[in-house]
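As structure tokens, the structure follows; a few thoughts come after it.
Since we're looking at a predicted model, the values are computed, not measured. Numbering of ligands and ligand atoms starts at 1, following listing order. One-based numbering along the sequence shown.
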Amino acid sequence: MSFSPEWLALREPFDRAAREASSLDLQDLQDQVATAAGAGAGEGAAPYRVLDLGCGTGANLRALAPRLRGRQRWHLVDHDARLLAALPRVMGDWAQTHRLKTPPPESADSLRIEGPDWGVELSWQKADLVQELDTLPFEGSQLVTSSALLDLVSASWLAALLTKVHEANAALLCTLTVDGRIEWQPAMPSDAQMAKLFGAHQHRDKGFGGPALGADAVPRAVERLVALGYRCVQAGSDWQVAAAAGGARMLERMVDGHADAALEQDPGARDLVLTWRLQRLVQMPRSSLQVGHMDLLAMPAGR
Ligand SMILES: C[S@@+](CC[C@H](N)C(=O)[O-])C[C@H]1O[C@@H](n2cnc3c(N)ncnc32)[C@H](O)[C@@H]1O
């Protein structure tokens with residue numbers, strides 16, 4: 001399944017706001033970074049190793065690295081060459097906007113970014129998470145993470161991932177996984193039928209070797225992780241999109257996305273879908289949308 005750089009850029013501020021409003025406590029991870037580093041963020045300290053799956057242009061790093069603090073080494077993986085090609089520029093723009101230092105990197109396909117109390121060395125790799133899962137550097141990673149990925153994956157791929165994470169004794173942080181809640185304002189009677197079609201579409205195969213878990217992904221992951229001895233914490237990270245608060249373009253995109261998915265799911269619902277789309281676009285200026293997401297942090301036994 002492919003995602004355009006434009007779509008990832010459009011959603012990133014809403015993802016960021018959702019993460020900022022989330023009550024997920026990252027203290028355990030911050031403690032791990034500090035422990036790895038020994039004496040804080042100084043030169044010579046061991047970096048905390050992070051593996052980011054389905055990285056896109058690196059939004060997960062931009063949201064997490066400053067919150068984790070200390071020295072970090074991130075390895076980012078995606079199968080989309082176009083997103084990876086955009087990654088250095090997007091990272092560079094972010095560093096510039098936030099007045100972060102960018103010391104010379106070790107190689108052409110790596111970057112260094114430094115904030116006030118944190119520093120990241122990052123490298124990236126083009127790899128298919130399905131075909132090449134076994135080749136990825138789980139071993140040695142202290143944190144495996146993803147954002148907006150888990151709802152795309154199948155039950156069998158999730159099981160394979162969790163086995164890898166467990167074998168590496170790594171922590172797992174999966175943010176922004178849809179949980180099935182969708183609330184449009186002002187509400188319309190056809191919203192329920194649209195949500196049903198959209199939810200069903202989210203279970204179609206997204207390239208992970210079987211039906212996508214969609215809203216079932218986090219409960220399924222928690223069940224397996226607890227069986228593996230992990231301590232799991234969950235927190236909501238909902239999108240709040242309001243036309244009156246700069247969200248008109250995002251709302252328009254969501255209306256079109258829901259309509260396209262619903263039509264693909266049930267071409268026979270064409271009248272319902274097109275009427276819904278038109279009504280939603282007409283009332284756009286006074287509309288808002290809440291999309292339910294969950295963040296999941298799982299810590300291995302003894303950490
Ligand atoms: C919804 S995007 C999220 C991107 C990024 N984590 C973010 O938060 O902006 C899902 C990402 O997973 C990647 N992806 C999907 N299927 C993949 C696969 N089979 N192998 C590697 N990456 C994949 C896509 O290319 C895309 O970048």
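Minimum interatomic distance between Gly54 and Asp78 (heavy atoms only, all atoms of both residues): C-OD2, 3.3 Å. For the residue pair Thr57 and Leu83, the shortest heavy atom distance occurs at CG2-O, 3.7 Å.
In terms of protein heavy-atom proximity, atom 1 (C) of ligand 1 is nearest to Ala148 O, 3.2 Å.
Where the criterion is an N or O separation shorter than 3.5 Å, residue side chain and backbone included, Asp78 meets it with respect to ligand 1. Checked against a 3.5 angstrom limit, the closest N/O atoms of Val77 and ligand 1 fall outside it.
Residue Leu83 touches ligand 1 through its side chain alone, judged by heavy-atom distances below 4.0 Å. Here Ala59 has side-chain heavy atoms under 4.0 Å from ligand 1, and that is the only part of it that gets that close. Under 4.0 Å from ligand 1, not a single heavy atom of Asn60 appears. With a 4.0 Å heavy-atom cut-off, ligand 1 is reached by the side chain of Leu149 but not by its N, CA, C or O.
Relative to atom 21 (C) of ligand 1, the option among His79, Lys206, Arg16 with the closest non-hydrogen atom is His79.
Counting heavy atoms from C-beta on, the side chains of Arg62 and Met91 come closer than 4.5 Å. Contact of the Leu162 side chain with the Tyr230 side chain is not registered, since no non-hydrogen atoms from C-beta on lie closer than 4.5 Å.
Between the side chains of Gln32 and Asp28, no donor N or O sits under 3.5 Å from an acceptor N or O.
There is no path of hydrophobic side-chain contacts, each under 4.5 Å, that joins Ile182 to Leu176.
Proximity of Cys55 to ligand 1 is established by a heavy-atom distance of less than 4.0 Å. In this structure, Ser2 does not count as a contact residue of ligand 1, since none of its heavy atoms falls inside 4.0 Å of the ligand.
A salt bridge does not link Arg19 to Asp15: none of the charged nitrogens lies less than 4.0 Å from a carboxylate oxygen.
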